[in-house]
Amino acid sequence: MPRPLAVLIAFAALLVAAPAAQAADVTVTSFDGTHILAHWFPVDGASAAKPAPTILMGPGWGGAGDQAVNGTGSTAVGIPGIKTLHDAGYNVLTWDPRGFGASGGTVETDSPDFERRDTQKLIDLVATEPEAQLDKPGDPRMGMAGASYGGGIQLVTAAFDRRVDAIAPSIAWNSLITSLSKDATVKSGWAGFLYGVAASRQLDPHIKASYDQGLATGILSADNRDWFATRGPGALVKRIKAPTLFIQGTVDTLFTLDEAAANYAILRRANVPTKMLWFCGGHGACLTAQGDPNRAVNATIAWLGRYVKRDGASTGARFDAVDQNGKQRTWSDFPVRATGALTATGKGTLALQASGGAGPATIPATAGGLGSLVAPLTPAKASGAVNVKVRARSRSSVLGAPTVDLTYRGKAVGARPARVFAQLVDDATGFVLGNQITPIPVVLDGRTHKVTRPLEMIDQAMKSGSSVTLQLVATTVAYAQPRLGGSVRFSRVRVSLPTVR
(Lines give C-alpha, C1' and ligand atoms only; values in the text may rest on other atoms or scores of the structure.)
Protein backbone atom coordinates (compact mmCIF):
# COMPACT_ATOMS: atom_id res chain seq x y z
CA MET A 1 0.00 0.00 0.00
CA PRO A 2 1.45 3.44 -0.88
CA ARG A 3 2.66 5.33 2.20
CA PRO A 4 0.28 8.34 1.86
CA LEU A 5 -2.79 6.09 1.55
CA ALA A 6 -1.73 3.97 4.51
CA VAL A 7 -1.25 7.09 6.61
CA LEU A 8 -4.65 8.44 5.61
CA ILE A 9 -6.41 5.22 6.56
CA ALA A 10 -4.72 5.25 9.95
CA PHE A 11 -5.54 8.96 10.39
CA ALA A 12 -9.21 8.35 9.58
CA ALA A 13 -9.29 5.49 12.08
CA LEU A 14 -8.38 7.90 14.88
CA LEU A 15 -11.45 9.97 14.16
CA VAL A 16 -13.92 7.22 13.23
CA ALA A 17 -14.60 4.20 15.41
CA ALA A 18 -15.57 0.75 14.16
CA PRO A 19 -19.26 -0.04 13.61
CA ALA A 20 -21.22 -1.73 16.36
CA ALA A 21 -24.30 -3.89 15.91
CA GLN A 22 -26.15 -2.01 18.67
CA ALA A 23 -26.58 1.09 16.51
CA ALA A 24 -30.19 2.11 15.86
CA ASP A 25 -29.84 3.36 12.30
CA VAL A 26 -32.25 5.88 10.82
CA THR A 27 -32.16 7.29 7.30
CA VAL A 28 -33.13 10.95 7.03
CA THR A 29 -34.13 12.56 3.73
CA SER A 30 -32.53 15.97 3.43
CA PHE A 31 -33.86 19.09 1.72
CA ASP A 32 -32.73 17.98 -1.75
CA GLY A 33 -33.72 14.32 -1.46
CA THR A 34 -30.27 13.15 -0.36
CA HIS A 35 -30.36 10.27 2.13
CA ILE A 36 -28.31 10.82 5.29
CA LEU A 37 -27.64 7.80 7.52
CA ALA A 38 -27.85 8.55 11.26
CA HIS A 39 -27.06 6.39 14.30
CA TRP A 40 -29.13 6.85 17.46
CA PHE A 41 -27.78 5.84 20.88
CA PRO A 42 -30.18 6.70 23.73
CA VAL A 43 -28.60 6.68 27.18
CA ASP A 44 -29.61 3.85 29.52
CA GLY A 45 -32.71 4.77 31.49
CA ALA A 46 -33.90 7.47 29.11
CA SER A 47 -37.57 7.22 28.17
CA ALA A 48 -40.54 9.34 27.25
CA ALA A 49 -41.25 9.66 30.98
CA LYS A 50 -37.62 10.48 31.79
CA PRO A 51 -36.00 12.01 28.68
CA ALA A 52 -32.34 13.06 28.48
CA PRO A 53 -30.49 15.81 26.62
CA THR A 54 -28.74 14.85 23.40
CA ILE A 55 -25.32 15.44 21.83
CA LEU A 56 -24.83 15.36 18.05
CA MET A 57 -21.32 14.28 17.15
CA GLY A 58 -19.97 14.40 13.59
CA PRO A 59 -16.90 12.51 12.32
CA GLY A 60 -13.66 13.74 10.81
CA TRP A 61 -13.12 14.29 7.08
CA GLY A 62 -13.79 11.17 5.05
CA GLY A 63 -15.28 9.24 7.95
CA ALA A 64 -18.61 7.71 8.87
CA GLY A 65 -20.46 8.33 12.10
CA ASP A 66 -19.05 6.85 15.30
CA GLN A 67 -20.82 3.62 16.29
CA ALA A 68 -18.51 2.37 19.05
CA VAL A 69 -20.84 2.28 22.02
CA ASN A 70 -17.95 1.57 24.40
CA GLY A 71 -15.71 4.26 22.91
CA THR A 72 -14.18 6.83 25.24
CA GLY A 73 -13.08 9.17 22.46
CA SER A 74 -9.65 10.35 21.39
CA THR A 75 -7.18 12.38 23.42
CA ALA A 76 -5.20 12.87 20.18
CA VAL A 77 -7.95 15.06 18.73
CA GLY A 78 -9.63 16.09 21.97
CA ILE A 79 -13.11 14.54 21.70
CA PRO A 80 -15.28 12.33 23.93
CA GLY A 81 -16.68 9.00 22.79
CA ILE A 82 -20.21 7.62 22.97
CA LYS A 83 -19.56 5.92 26.32
CA THR A 84 -18.10 9.12 27.78
CA LEU A 85 -21.21 11.03 26.74
CA HIS A 86 -23.51 8.26 27.98
CA ASP A 87 -21.74 8.28 31.34
CA ALA A 88 -22.37 12.02 31.49
CA GLY A 89 -26.10 11.46 30.93
CA TYR A 90 -26.57 12.24 27.23
CA ASN A 91 -28.23 10.53 24.33
CA VAL A 92 -25.90 10.52 21.33
CA LEU A 93 -26.66 10.92 17.63
CA THR A 94 -23.89 10.37 15.10
CA TRP A 95 -24.15 10.37 11.32
CA ASP A 96 -22.42 9.75 8.02
CA PRO A 97 -21.96 13.18 6.42
CA ARG A 98 -23.15 13.84 2.91
CA GLY A 99 -21.00 11.90 0.43
CA PHE A 100 -19.25 9.81 3.12
CA GLY A 101 -20.02 6.46 4.74
CA ALA A 102 -23.41 5.16 3.63
CA SER A 103 -24.94 8.59 3.03
CA GLY A 104 -25.69 9.78 -0.47
CA GLY A 105 -24.95 13.06 -2.18
CA THR A 106 -21.86 15.02 -3.14
CA VAL A 107 -19.25 16.13 -0.59
CA GLU A 108 -19.59 19.91 -0.20
CA THR A 109 -17.12 20.47 2.67
CA ASP A 110 -19.44 21.51 5.52
CA SER A 111 -21.25 23.97 3.28
CA PRO A 112 -23.95 26.14 4.88
CA ASP A 113 -26.08 25.38 1.83
CA PHE A 114 -25.74 21.59 2.05
CA GLU A 115 -24.24 19.85 5.11
CA ARG A 116 -25.70 22.47 7.45
CA ARG A 117 -29.18 21.76 6.13
CA ASP A 118 -28.54 18.02 6.54
CA THR A 119 -27.67 18.58 10.19
CA GLN A 120 -30.83 20.58 10.77
CA LYS A 121 -32.81 17.60 9.50
CA LEU A 122 -30.98 15.49 12.08
CA ILE A 123 -32.02 17.91 14.81
CA ASP A 124 -35.60 17.51 13.56
CA LEU A 125 -35.13 13.76 13.93
CA VAL A 126 -33.90 14.04 17.51
CA ALA A 127 -37.00 16.07 18.38
CA THR A 128 -39.15 13.04 17.47
CA GLU A 129 -37.25 10.50 19.57
CA PRO A 130 -39.11 9.59 22.79
CA GLU A 131 -35.88 9.52 24.83
CA ALA A 132 -34.94 13.09 23.84
CA GLN A 133 -35.58 15.93 26.26
CA LEU A 134 -37.33 18.88 24.57
CA ASP A 135 -37.33 22.56 25.44
CA LYS A 136 -40.47 22.86 23.34
CA PRO A 137 -42.04 20.88 20.49
CA GLY A 138 -39.51 20.44 17.71
CA ASP A 139 -36.70 21.87 19.86
CA PRO A 140 -34.57 19.23 21.62
CA ARG A 141 -32.24 20.07 24.48
CA MET A 142 -29.02 19.44 22.60
CA GLY A 143 -25.39 20.28 22.02
CA MET A 144 -22.71 19.27 19.55
CA ALA A 145 -19.20 17.81 19.77
CA GLY A 146 -16.65 16.48 17.31
CA ALA A 147 -13.26 17.21 15.78
CA SER A 148 -11.96 18.62 12.51
CA TYR A 149 -14.73 18.16 9.90
CA GLY A 150 -16.97 17.31 12.85
CA GLY A 151 -15.95 20.61 14.43
CA GLY A 152 -16.56 22.77 11.37
CA ILE A 153 -20.13 21.53 11.00
CA GLN A 154 -20.89 22.69 14.55
CA LEU A 155 -19.93 26.28 13.76
CA VAL A 156 -21.91 26.36 10.53
CA THR A 157 -24.98 24.73 12.09
CA ALA A 158 -25.01 26.93 15.19
CA ALA A 159 -24.82 30.03 12.99
CA PHE A 160 -28.24 29.19 11.56
CA ASP A 161 -30.11 27.07 14.10
CA ARG A 162 -30.96 28.49 17.53
CA ARG A 163 -32.01 25.04 18.74
CA VAL A 164 -28.31 24.27 19.29
CA ASP A 165 -27.74 25.00 22.98
CA ALA A 166 -23.93 24.69 23.07
CA ILE A 167 -21.05 23.51 20.91
CA ALA A 168 -17.50 22.27 21.53
CA PRO A 169 -15.65 22.23 18.20
CA SER A 170 -12.21 20.63 18.41
CA ILE A 171 -9.40 21.37 15.92
CA ALA A 172 -11.74 23.21 13.54
CA TRP A 173 -11.17 26.32 11.43
CA ASN A 174 -12.28 29.87 10.82
CA SER A 175 -11.44 30.00 7.12
CA LEU A 176 -10.45 27.29 4.66
CA ILE A 177 -8.52 30.00 2.81
CA THR A 178 -6.22 30.99 5.67
CA SER A 179 -5.90 27.40 6.88
CA LEU A 180 -5.37 25.49 3.61
CA SER A 181 -3.69 28.25 1.60
CA LYS A 182 -2.03 30.70 3.97
CA ASP A 183 -0.78 33.81 2.18
CA ALA A 184 -1.99 32.22 -1.08
CA THR A 185 0.43 29.31 -0.61
CA VAL A 186 -1.10 25.83 -0.80
CA LYS A 187 -0.42 23.40 2.05
CA SER A 188 0.54 20.69 -0.40
CA GLY A 189 1.32 18.11 2.29
CA TRP A 190 -2.13 18.22 3.84
CA ALA A 191 -3.84 18.77 0.48
CA GLY A 192 -2.49 15.47 -0.81
CA PHE A 193 -3.48 13.58 2.33
CA LEU A 194 -6.99 15.02 2.54
CA TYR A 195 -7.69 14.55 -1.15
CA GLY A 196 -6.40 10.99 -1.00
CA VAL A 197 -8.76 9.94 1.79
CA ALA A 198 -11.79 11.23 -0.13
CA ALA A 199 -10.78 10.67 -3.75
CA SER A 200 -13.05 7.63 -4.18
CA ARG A 201 -16.14 9.56 -3.05
CA GLN A 202 -18.47 11.81 -5.00
CA LEU A 203 -16.74 15.18 -4.58
CA ASP A 204 -17.72 18.65 -5.66
CA PRO A 205 -15.60 19.38 -8.78
CA HIS A 206 -13.88 22.30 -7.03
CA ILE A 207 -12.15 19.91 -4.64
CA LYS A 208 -10.31 17.97 -7.34
CA ALA A 209 -9.65 21.11 -9.38
CA SER A 210 -8.06 22.76 -6.34
CA TYR A 211 -5.93 19.72 -5.63
CA ASP A 212 -4.70 19.60 -9.22
CA GLN A 213 -3.95 23.33 -9.25
CA GLY A 214 -2.04 23.12 -6.00
CA LEU A 215 0.18 20.38 -7.43
CA ALA A 216 0.72 22.14 -10.75
CA THR A 217 1.19 25.76 -9.69
CA GLY A 218 1.25 25.99 -5.88
CA ILE A 219 -1.71 28.41 -5.85
CA LEU A 220 -5.47 28.32 -6.40
CA SER A 221 -7.53 30.12 -9.01
CA ALA A 222 -9.87 32.90 -7.88
CA ASP A 223 -12.86 30.66 -8.61
CA ASN A 224 -11.62 27.85 -6.38
CA ARG A 225 -10.55 30.24 -3.63
CA ASP A 226 -14.03 31.76 -3.67
CA TRP A 227 -15.59 28.30 -3.46
CA PHE A 228 -13.60 27.36 -0.35
CA ALA A 229 -14.33 30.76 1.19
CA THR A 230 -18.06 30.00 1.04
CA ARG A 231 -17.57 26.77 3.00
CA GLY A 232 -17.48 28.73 6.21
CA PRO A 233 -17.66 29.39 8.91
CA GLY A 234 -15.79 32.68 8.39
CA ALA A 235 -18.16 35.59 8.72
CA LEU A 236 -20.93 33.20 9.85
CA VAL A 237 -19.28 32.93 13.27
CA LYS A 238 -20.70 36.33 14.23
CA ARG A 239 -24.19 34.80 13.94
CA ILE A 240 -23.50 32.18 16.60
CA LYS A 241 -25.31 32.66 19.92
CA ALA A 242 -24.68 29.21 21.43
CA PRO A 243 -21.98 29.06 24.14
CA THR A 244 -18.86 27.77 22.41
CA LEU A 245 -15.74 25.95 23.62
CA PHE A 246 -12.87 26.13 21.12
CA ILE A 247 -10.29 23.35 21.45
CA GLN A 248 -7.16 23.68 19.32
CA GLY A 249 -3.84 21.86 19.08
CA THR A 250 -0.53 23.64 19.67
CA VAL A 251 1.08 21.25 17.16
CA ASP A 252 -1.80 21.27 14.66
CA THR A 253 -0.28 22.07 11.27
CA LEU A 254 -3.55 21.90 9.34
CA PHE A 255 -5.80 24.15 11.42
CA THR A 256 -3.35 26.21 13.44
CA LEU A 257 -3.96 28.08 16.68
CA ASP A 258 -4.85 31.34 14.94
CA GLU A 259 -7.95 29.68 13.42
CA ALA A 260 -9.46 29.15 16.87
CA ALA A 261 -8.18 32.53 18.06
CA ALA A 262 -10.03 34.26 15.20
CA ASN A 263 -13.28 32.49 16.08
CA TYR A 264 -12.85 33.17 19.79
CA ALA A 265 -12.31 36.90 19.18
CA ILE A 266 -15.53 37.15 17.17
CA LEU A 267 -17.65 35.58 19.90
CA ARG A 268 -15.98 37.59 22.67
CA ARG A 269 -16.82 40.82 20.84
CA ALA A 270 -20.42 39.61 20.61
CA ASN A 271 -20.50 38.72 24.35
CA VAL A 272 -21.29 35.07 23.61
CA PRO A 273 -20.07 32.74 26.40
CA THR A 274 -16.87 31.25 25.02
CA LYS A 275 -13.63 29.60 26.11
CA MET A 276 -10.48 28.52 24.27
CA LEU A 277 -8.30 25.58 25.27
CA TRP A 278 -4.93 24.70 23.70
CA PHE A 279 -3.62 21.15 24.00
CA CYS A 280 -0.66 19.26 22.54
CA GLY A 281 -2.50 17.38 19.81
CA GLY A 282 -4.73 17.83 16.79
CA HIS A 283 -3.60 17.47 13.20
CA GLY A 284 0.02 17.06 14.21
CA ALA A 285 2.59 15.21 16.30
CA CYS A 286 3.13 16.05 19.97
CA LEU A 287 6.90 15.76 20.36
CA THR A 288 7.03 17.43 23.76
CA ALA A 289 5.32 16.85 27.11
CA GLN A 290 1.56 16.53 26.72
CA GLY A 291 0.47 17.24 30.26
CA ASP A 292 -2.92 15.91 31.31
CA PRO A 293 -4.13 14.00 28.21
CA ASN A 294 -7.76 14.27 29.33
CA ARG A 295 -7.90 18.08 29.59
CA ALA A 296 -9.81 18.58 26.33
CA VAL A 297 -12.33 15.81 26.93
CA ASN A 298 -12.93 16.87 30.53
CA ALA A 299 -13.40 20.49 29.43
CA THR A 300 -15.93 19.38 26.80
CA ILE A 301 -17.98 17.45 29.34
CA ALA A 302 -17.93 20.40 31.76
CA TRP A 303 -18.94 22.82 28.98
CA LEU A 304 -21.85 20.67 27.84
CA GLY A 305 -22.88 20.17 31.45
CA ARG A 306 -22.97 23.91 32.08
CA TYR A 307 -24.84 24.92 28.93
CA VAL A 308 -26.80 21.83 27.81
CA LYS A 309 -27.66 20.00 31.03
CA ARG A 310 -27.50 23.35 32.85
CA ASP A 311 -26.06 21.66 35.91
CA GLY A 312 -23.91 24.60 37.03
CA ALA A 313 -20.62 22.87 36.17
CA SER A 314 -17.51 25.03 36.44
CA THR A 315 -15.88 25.65 33.07
CA GLY A 316 -12.75 27.38 34.39
CA ALA A 317 -10.87 30.33 32.92
CA ARG A 318 -11.66 31.61 29.43
CA PHE A 319 -8.20 30.76 28.14
CA ASP A 320 -6.45 27.53 29.08
CA ALA A 321 -3.11 26.62 27.49
CA VAL A 322 -0.23 24.17 27.86
CA ASP A 323 3.44 24.82 27.09
CA GLN A 324 6.09 22.41 25.74
CA ASN A 325 6.74 21.13 29.26
CA GLY A 326 3.13 20.04 29.66
CA LYS A 327 2.47 22.81 32.17
CA GLN A 328 -1.11 24.08 32.15
CA ARG A 329 -1.64 27.81 32.57
CA THR A 330 -4.83 29.86 32.53
CA TRP A 331 -5.74 33.48 31.89
CA SER A 332 -8.96 35.45 32.11
CA ASP A 333 -9.02 36.22 28.39
CA PHE A 334 -7.17 36.07 25.08
CA PRO A 335 -5.06 37.61 23.67
CA VAL A 336 -2.94 37.75 26.77
CA ARG A 337 -1.34 41.18 27.13
CA ALA A 338 2.32 41.07 26.19
CA THR A 339 4.63 42.35 28.91
CA GLY A 340 7.72 42.38 26.73
CA ALA A 341 9.50 40.60 23.89
CA LEU A 342 12.59 38.57 23.15
CA THR A 343 14.28 40.03 20.09
CA ALA A 344 17.27 39.42 17.88
CA THR A 345 18.64 40.59 14.55
CA GLY A 346 20.80 38.97 11.92
CA LYS A 347 21.52 38.66 8.23
CA GLY A 348 22.56 36.11 5.64
CA THR A 349 22.09 34.70 2.15
CA LEU A 350 19.60 31.93 1.37
CA ALA A 351 20.12 29.70 -1.67
CA LEU A 352 16.76 29.06 -3.35
CA GLN A 353 17.08 25.34 -3.87
CA ALA A 354 14.95 22.30 -3.15
CA SER A 355 17.44 20.55 -0.87
CA GLY A 356 18.11 21.46 2.74
CA GLY A 357 14.56 22.59 3.52
CA ALA A 358 12.32 22.06 6.55
CA GLY A 359 11.29 18.43 6.95
CA PRO A 360 10.20 15.74 6.79
CA ALA A 361 10.49 15.13 10.52
CA THR A 362 11.62 11.95 12.19
CA ILE A 363 8.89 11.27 14.72
CA PRO A 364 9.04 8.41 17.25
CA ALA A 365 6.07 6.07 17.46
CA THR A 366 5.66 7.11 21.09
CA ALA A 367 4.87 10.73 20.15
CA GLY A 368 1.46 12.06 21.13
CA GLY A 369 -1.20 13.52 18.86
CA LEU A 370 -1.17 11.79 15.48
CA GLY A 371 2.48 10.86 16.03
CA SER A 372 4.47 9.35 13.19
CA LEU A 373 1.40 9.33 10.92
CA VAL A 374 2.09 12.95 9.99
CA ALA A 375 5.88 12.74 9.70
CA PRO A 376 5.91 13.17 5.88
CA LEU A 377 4.38 16.65 6.12
CA THR A 378 5.87 17.86 9.41
CA PRO A 379 8.60 20.54 9.32
CA ALA A 380 11.94 19.82 10.96
CA LYS A 381 15.19 21.69 11.55
CA ALA A 382 16.63 22.65 8.17
CA SER A 383 20.22 22.25 7.04
CA GLY A 384 19.98 25.05 4.49
CA ALA A 385 18.80 28.20 6.24
CA VAL A 386 19.54 31.73 7.34
CA ASN A 387 19.68 31.43 11.13
CA VAL A 388 19.06 34.06 13.79
CA LYS A 389 19.38 32.99 17.43
CA VAL A 390 17.08 34.48 20.10
CA ARG A 391 18.26 34.08 23.68
CA ALA A 392 16.31 34.52 26.93
CA ARG A 393 18.23 36.46 29.58
CA SER A 394 15.72 35.49 32.24
CA ARG A 395 12.87 33.08 32.70
CA SER A 396 10.30 33.95 30.04
CA SER A 397 6.96 32.73 28.73
CA VAL A 398 6.50 33.22 24.99
CA LEU A 399 2.85 33.16 23.98
CA GLY A 400 1.19 34.28 20.76
CA ALA A 401 2.44 35.14 17.31
CA PRO A 402 6.12 36.10 16.84
CA THR A 403 6.88 38.60 14.09
CA VAL A 404 9.68 38.87 11.56
CA ASP A 405 10.86 41.98 9.72
CA LEU A 406 12.92 41.32 6.60
CA THR A 407 14.97 43.63 4.39
CA TYR A 408 16.14 41.69 1.34
CA ARG A 409 16.90 41.53 -2.35
CA GLY A 410 17.14 38.57 -4.69
CA LYS A 411 16.26 36.92 -7.97
CA ALA A 412 14.77 33.57 -8.94
CA VAL A 413 13.38 31.93 -12.06
CA GLY A 414 10.04 30.40 -12.98
CA ALA A 415 6.36 31.24 -12.67
CA ARG A 416 5.60 29.76 -9.26
CA PRO A 417 4.91 32.04 -6.29
CA ALA A 418 7.98 33.68 -4.75
CA ARG A 419 8.13 32.61 -1.11
CA VAL A 420 10.46 31.90 1.75
CA PHE A 421 9.39 30.14 4.94
CA ALA A 422 10.07 30.95 8.60
CA GLN A 423 10.20 28.59 11.56
CA LEU A 424 11.55 28.65 15.12
CA VAL A 425 13.70 25.80 16.44
CA ASP A 426 14.23 24.96 20.11
CA ASP A 427 18.01 24.82 20.40
CA ALA A 428 17.85 22.43 23.37
CA THR A 429 15.71 19.76 21.66
CA GLY A 430 16.12 20.51 17.95
CA PHE A 431 12.33 20.49 17.55
CA VAL A 432 10.49 23.10 15.52
CA LEU A 433 8.25 24.99 17.96
CA GLY A 434 4.77 23.56 17.57
CA ASN A 435 5.93 22.01 14.27
CA GLN A 436 4.84 25.34 12.79
CA ILE A 437 6.21 27.05 9.70
CA THR A 438 4.94 30.20 7.98
CA PRO A 439 5.13 31.21 4.31
CA ILE A 440 6.36 34.75 3.62
CA PRO A 441 5.73 36.28 0.17
CA VAL A 442 8.79 37.97 -1.32
CA VAL A 443 9.44 40.01 -4.46
CA LEU A 444 12.43 38.63 -6.35
CA ASP A 445 13.19 41.29 -8.95
CA GLY A 446 16.73 42.17 -7.90
CA ARG A 447 15.64 45.25 -5.96
CA THR A 448 15.60 45.86 -2.21
CA HIS A 449 12.29 45.21 -0.46
CA LYS A 450 10.93 45.00 3.06
CA VAL A 451 8.25 42.71 4.49
CA THR A 452 6.80 42.16 7.97
CA ARG A 453 4.84 39.04 8.83
CA PRO A 454 3.40 37.41 11.97
CA LEU A 455 4.39 33.78 12.36
CA GLU A 456 2.11 30.99 13.55
CA MET A 457 1.20 31.23 17.23
CA ILE A 458 3.30 29.31 19.76
CA ASP A 459 3.43 28.60 23.49
CA GLN A 460 7.01 28.17 24.72
CA ALA A 461 8.46 28.44 28.23
CA MET A 462 12.09 29.56 28.23
CA LYS A 463 14.68 29.32 30.98
CA SER A 464 17.33 31.92 31.59
CA GLY A 465 20.05 31.34 29.00
CA SER A 466 17.93 29.10 26.77
CA SER A 467 17.50 29.97 23.12
CA VAL A 468 15.49 29.36 19.97
CA THR A 469 16.66 29.95 16.42
CA LEU A 470 14.68 31.57 13.66
CA GLN A 471 15.28 29.74 10.39
CA LEU A 472 14.47 31.22 7.00
CA VAL A 473 14.30 28.39 4.48
CA ALA A 474 13.56 27.98 0.78
CA THR A 475 11.34 24.89 0.93
CA THR A 476 9.31 22.80 3.34
CA VAL A 477 7.31 19.58 3.21
CA ALA A 478 4.32 21.52 4.58
CA TYR A 479 3.79 23.84 1.61
CA ALA A 480 3.96 23.75 -2.17
CA GLN A 481 7.37 24.34 -3.66
CA PRO A 482 7.86 28.03 -4.51
CA ARG A 483 9.99 29.62 -7.23
CA LEU A 484 13.56 28.38 -7.01
CA GLY A 485 16.94 29.18 -8.55
CA GLY A 486 19.12 32.09 -7.51
CA SER A 487 19.30 33.37 -3.97
CA VAL A 488 17.99 35.96 -1.50
CA ARG A 489 20.30 38.24 0.43
CA PHE A 490 18.77 39.29 3.76
CA SER A 491 20.56 42.46 4.80
CA ARG A 492 18.48 42.66 7.98
CA VAL A 493 16.39 40.08 9.78
CA ARG A 494 14.64 41.04 12.99
CA VAL A 495 12.57 38.56 14.99
CA SER A 496 10.40 39.40 18.01
CA LEU A 497 8.82 36.85 20.37
CA PRO A 498 6.02 38.22 22.62
CA THR A 499 6.34 37.39 26.31
CA VAL A 500 3.58 37.33 28.94
CA ARG A 501 3.39 37.00 32.69
Side-chain angles (χ1 to χ4, degrees), residues 173-191 214 218-219 248-262 278 282-284 335 341-344 346 348 350 352 356-361 374 377-382 384-388 390 398-408 416-426 431-443 449-460 468-483 488 490 493-498:
W173 64 92
N174 171 264
S175 165
L176 291 178
I177 300 302
T178 57
S179 58
L180 301 181
S181 185
K182 195 176 188 73
D183 247 322
T185 313
V186 171
K187 283 184 179 174
S188 56
W190 275 112
I219 58 175
Q248 212 74 8
T250 57
V251 296
D252 196 314
T253 56
L254 176 59
F255 301 137
T256 56
L257 293 172
D258 58 342
E259 296 295 319
W278 293 359
H283 305 92
L342 304 179
T343 63
L350 177 66
L352 299 178
V374 293
L377 48 84
T378 301
K381 184 177 180 179
V386 170
N387 298 309
V388 179
V390 187
V398 177
L399 183 78
T403 58
V404 292
D405 299 280
L406 308 177
T407 303
Y408 67 93
R416 280 182 166 258
R419 303 283 187 272
V420 294
F421 303 89
Q423 63 182 14
L424 290 159
V425 177
D426 186 330
F431 297 147
V432 174
L433 272 58
N435 306 327
Q436 303 295 343
I437 192 164
T438 306
I440 301 177
V442 290
V443 179
H449 298 276
K450 295 182 179 182
V451 62
T452 298
R453 274 295 188 279
L455 305 186
E456 297 287 3
M457 293 183 182
I458 57 171
D459 187 352
Q460 181 83 1
V468 299
T469 295
L470 171 72
Q471 289 198 310
L472 298 175
V473 301
T475 61
T476 172
V477 294
Y479 283 91
Q481 189 176 94
R483 190 185 310 172
V488 181
F490 295 98
V493 177
R494 183 181 188 275
V495 56
S496 177
L497 282 58

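These figures come from a predicted structure and were not determined experimentally. Throughout, residue positions are numbered sequentially from 1 according to the sequence presented.
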Do Tyr479 and Asp183 make a side-chain contact, defined as non-hydrogen atoms from C-beta onward lying under 4.5 Å apart? no

Are more than 12 heavy atoms from other residues, nucleotides or ligands located less than 6.0 Å from atom NZ of Lys182? yes

Indicate the atoms forming the closest heavy-atom contact of Gly284 with Val374, along with that distance. C-CG2, 3.7 Å

Any Arg494 side-chain heavy atom under 4.5 Å of Thr343 side chain: yes

Is the shortest side-chain heavy-atom distance between Lys450 and Thr407 below 4.5 Å? yes

Please give me the minimum heavy-atom distance between Val477 and Pro360, naming the atom from each residue. CG1-N, 3.5 Å

What is the distance from atom CG of Asp426 to atom OG1 of Thr469, rounded to the nearest 0.5 Å? 9.0 Å

With rounding to the nearest 0.5 angstrom, report the CG to CD1 distance, Leu424 to Ile437. 10.0 Å

Given the options Glu456, Gln471, Gln436, Lys381, Gln423 meets side chain to side chain donor-acceptor pair (under 3.5 Å) only with Gln471

Measure the spacing between OG1 of Thr253 and CG of Asn435 and express it to the nearest 0.5 Å. 7.0 Å

Any donor-acceptor pair under 3.5 Å from Ser179 side chain to Ser175 backbone: yes

Please examine the side chains of Leu350 and Val420, heavy atoms only from C-beta on, and report whether any two atoms are closer than 4.5 Å. yes

Of all heavy-atom pairs linking Ala380 and Ala361, the shortest is CB-CA, 3.8 Å

For the student: nearest non-hydrogen atoms of Ser181 and Val186, plus distance: OG-N, 4.0 Å

Give a yes or no on whether the backbone of Ala358 and the side-chain of Thr476 come within a donor-acceptor separation of less than 3.5 Å. yes

Any Arg453 side-chain heavy atom under 4.5 Å of Pro441 side chain: yes

Heavy atoms of Gly249 and Leu257 approach each other most closely as O-CD2, 3.5 Å

Considering non-hydrogen atoms only, spot the tightest contact between Phe421 and Ala480 and give its length. CZ-O, 4.0 Å

Flag, side chain of Arg483 to backbone of Arg416, donor-acceptor distance under 3.5 Å: yes

Taking side chain as C-beta onward, heavy atoms only, is Ile458 less than 4.5 Å from Val398? yes

Are any of the side-chain heavy atoms of Leu352 and Val488 separated by less than 4.5 Å? yes

Tyr408 side chain vs Val443 backbone, donor-acceptor pair below 3.5 Å: yes

Using the test side chain to side chain donor-acceptor pair (under 3.5 Å), find all partners of Thr185 that sit at least two apart in sequence or belong to another chain. Arg419

Tested for side chain to side chain contact (heavy atoms under 4.5 Å, CB included) against Val468, the lone hit among Leu433, Val495, Val425 is Leu433

Side chain proximity check, Leu472 to Asn387, heavy atoms < 4.5 angstrom: no

For Thr178, give me all partners under side chain to side chain donor-acceptor pair (under 3.5 Å), at least two apart in sequence or on another chain. Glu259

Not counting sequence neighbours, which residues clear side chain to side chain donor-acceptor pair (under 3.5 Å) with Asp252? List them please. His283

Interatomic distance, Met457 atom CE to Thr250 atom OG1 [nearest 0.5 angstrom]: 13.0 Å

